[in-house]
Amino acid sequence: MESSLALELVRVTEEAALQSARWTGRGDKNSADEAATVAMRKHFDSAAMDGVVVIGEGEMDEAPMLYIGERVGNRKGPKMDVAVDPLEGTETVASGLNNALSVIAAAPRGTLLHAPDIYMHKLAVGPELAGKLSLNDPIEVTLRKASEILSKPLSEMTVSILDRERHSTMIRALRESGVRIKLLSHGDVMGAIETCTDSEVDLYVGSGGAPEGVLAAAALKCLGGEIQGRLIPETPEDFVRCQGMGLKHPEQLLTMEDMVGREGVLFVATGVTAGDFLRGVKYLPGQRAETHSVMMYSGTRTVRYIRSVHHLFQSNESLAAA
Ligand code: VTB
Ligand code: MG
Ligand code: MG
C-alpha cells in the first residue's frame with residue numbers, strides 16, 4: 001500500500017518538476033513556483049488517499065492552491081496528513097542553480113507538525129550521529145562530540161549551513177573550530193538530507209524555514225538520520241500562531257517524533273535543477289523529458305530511486321484535460 005501510494009505521489013512531484021524546470025535561469029521565481037504548484041495540484045487527485053494539506057502554500061485566503069486545510073487525493077485511501085513544497089528552491093530555479101526539488105511528505109492523519117511559516121533552528125545528522133547530539137548544546141560542544149563519535153578530527157568534518165547574515169556568529173564559530181564548511185545559497189531540505197547520503201557533509205546546522213524542517217524530518221526518518229528543531233517566533237503574532245497550531249511552548253525543542261510522529265512516513269522528491277543527490281529535469285529529443293526522483297518509506301526504510309522518461313505531449317495533454 002505504502003509503495004503504491006508513494007509511486008502515485010512521485011507522479012505528482014514529477015509533474016511539478018517538469019513544469020517548473022522550464023523556468024530554469026529565467027529570473028522569474030514566482031512563475032517557476034506557480035508552474036510547480038499548479039501542476040502539483042492538478043495531479044494530486046489521482047493519488048489514492050484522503051489527504052489534508054498541513055504544510056502547503058499558505059492560508060486559504062492568500063493562496064488559491066494547496067492551502068493549509070485543503071483536501072487532496074481521491075479520498076479512496078487512508079486518511080493522511082500531507083506536507084508539500086511544490087518548488088523547494090524558487091530562487092534556485094530562477095537563477096539556474098543546483099538542488100531545487102519538488103517535495104511531498106505524507107503520514108497518517110494527525111501526525112505531522114503543522115509548522116507555521118517562520119524560521120526554525122535545526123541540527124541534522126546522518127545515522128552515525130543520530131540520537132547522540134543535542135540542539136541545546138553550544139555549537140562548539142556539538143562539533144567536539146561529533147568529531148569523537150565519528151573518530152575524525154574537526155578539520156576533516158564538513159558542516160553545511162545556509163549562507164545568511166543571521167548566521168554570521170555561527171559561521172565565525174565554525175571557522176574558528178577548523179571544520180570545513182559548505183555554504184548553501186538555498187535549499188535546506190537537501191542540506192539536511194545530504195547528512196544521510198554519501199556526500200561529505202556530516203552535519204547541517206542553522207536556521208531555515210520551519211515547513212522545510214518538517215519535510216526534512218520526514219526524509220531523515222526514512223534515511224535513519226535525525227533532525228532536531230526549535231521554532232523561532234519573532235513577534236507576538238508568531239507566538240499566537242504557534243500556539244494555535246497546538247504548540248503550548250513554541251520554543252520547546254522539537255524532536256523528530258514531535259515533527260513527524262511515531263508512525264510510518266512517506267517522503268518523495270523529484271529533482272528540478274541538477275543536484276548531487278537527484279539529477280534535474282532533462283529535456284530529450286522527440287518531446288520527451290527525463291526526471292530523477294526518490295521515494296522512501298520509514299516503515300520499511302526502503303529508499304527507491306526512479307528515473308522516468310516522460311512523453312511531454314501526453315503530460316501536457318493530461319494537464320489540459322485535468
Ligand atoms: C530555507 C531553504 C529554502 O528558504 O528554508 C530558506 O530551504 C530559509 O529562508 O530553499 P531564507 O531564505 O529567508 O533564509 C529557502 O531558501 C527558500 O524557500
Ligand atoms: Mg514553496
Ligand atoms: Mg521551500
Side-chain angles (χ1 to χ4, degrees), residues 12-13 16-17 19-21 23-24 28-41 44 53-59 62-68 70 82-105 113 115-124 160-171 182-195 201 204-220 227 229-235 238 254 259 267-273 275 277-278 280:
V12 179
T13 53
Q19 299 308 319
S20 55
W23 293 93
T24 302
D28 184 351
K29 67 174 188 166
N30 293 333
S31 295
D33 202 22
E34 194 190 331
T37 306
V38 169
M40 186 175 269
R41 184 66 193 90
F44 240 126
V53 175
V54 300
I55 286 179
E57 293 299 284
E59 311 293 328
E62 64 196 36
M65 268 182 240
L66 297 172
Y67 60 85
I68 295 162
E70 184 171 355
V82 179
V84 303
D85 199 346
L87 183 53
E88 158 58 353
T90 52
E91 300 240 4
T92 311
V93 171
S95 318
L97 298 172
N98 279 7
N99 280 327
L101 300 173
S102 177
V103 188
I104 301 174
L113 181 72
D117 195 7
I118 61 176
Y119 287 120
M120 178 192 270
H121 281 301
K122 306 173 192 179
L123 169 65
S160 74
I161 182 167
L162 282 167
D163 188 7
R164 296 291 186 276
E165 188 50 42
R166 64 177 183 273
H167 290 149
S168 58
T169 310
M170 175 92 92
I171 291 172
K182 178 170 178 179
L183 291 172
L184 307 173
S185 56
H186 291 283
D188 73 340
V189 175
M190 186 49 80
I193 289 176
E194 272 189 337
T195 62
V201 178
Y204 167 77
V205 300
S207 61
E212 281 86 355
V214 175
L215 287 163
L220 267 56
I227 180 168
R230 177 177 288 109
L231 294 169
I232 312 175
E234 282 168 305
T235 62
D238 286 349
L254 297 168
M259 290 190 261
F267 177 91
V268 307
T270 301
V272 179
T273 56
F277 183 55
L278 291 174

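Atoms within a ligand are numbered from 1 in the order they appear, just like the ligands themselves. Heads up: numbering here begins at 1 and tracks the sequence.
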Would you name the heavy atoms of [X] and [Y] that are closest together and state the gap between them?
X: A100; Y: L87; answer: CB-CD1, 4.3 Å
X: G209; Y: Y119; answer: N-CD2, 4.3 Å
X: V103; Y: M40; answer: O-CE, 3.9 Å
X: T273; Y: L97; answer: OG1-O, 2.7 Å

Practice item. Evaluate whether atom CD of E70 has more than 12 neighbouring non-hydrogen atoms of other residues, nucleotides or ligands under 6.0 angstrom away. Key: yes
Does a side-chain heavy-atom distance below 4.5 Å link [X] with [Y]?
X: D188; Y: E88; value: yes
X: L278; Y: T270; value: no
X: I171; Y: L183; value: yes

Considering distance alone, does some N or O of [X] sit under 3.5 Å from an N or O of ligand 1?
X: R164; answer: yes
X: G187; answer: yes
X: S185; answer: no

Practice item. For the pair K182 and E194, find out whether any cationic side-chain nitrogen is under 4.0 Å from an anionic carboxylate oxygen. Key: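 Result for this pair is yes, salt bridge flagged.
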Review point. Looking from the Mg ion (ligand 3), what is the angle between OE1 on E88 and OE2 on E212, to the nearest 10°?
Key: 90°
Practice item. Quick one: report the N, O or S atom of D85 that is nearest to the Mg ion (ligand 3). Key: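 Considering only N, O and S atoms, D85 comes nearest to the Mg ion (ligand 3) through OD2.
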Check your understanding: Is atom 5 (O) of ligand 1 less than 4.0 angstrom from at least one protein heavy atom?
Key -> yes
Practice item. For ligand 1, note which part of E91 has a heavy atom under 4.0 Å away: side chain, backbone, both or neither. Key: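 Within the 4.0 Å criterion, E91 makes no contact with ligand 1.
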**Study point:** ligand 1 contact on L162 by region, counting heavy-atom pairs under 4.0 Å
**Key:**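 It is the side chain that touches ligand 1; the backbone stays farther off.
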Exercise for review: Return the residue, atom name and 0.1 Å-rounded distance of the protein heavy atom closest to atom 18 (O) of ligand 1.
Suggested key: E212 OE2, 3.8 Å
Check your understanding: Of the protein's non-hydrogen atoms, which lies at the shortest distance from atom 9 (O) of ligand 1, and what is that distance?
Key -> Y119 CE2, 3.4 Å
Point to revise | Atoms in ligand 1 flagged as close to G209, the criterion being non-hydrogen separation under 4.0 Å | key: 1 (C), 5 (O), 8 (C)
Check your understanding: For ligand 1, which atoms, with element, lie under 4.0 Å from some heavy atom of D188?
Key ->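 Reading through ligand 1 atom by atom, the close ones are 1 (C), 2 (C), 5 (O), 7 (O).
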Revision key, fill the gap. A student comparing H186, E88, M120, K29 should find that the heavy atom closest to atom 16 (O) of ligand 1 comes from H186
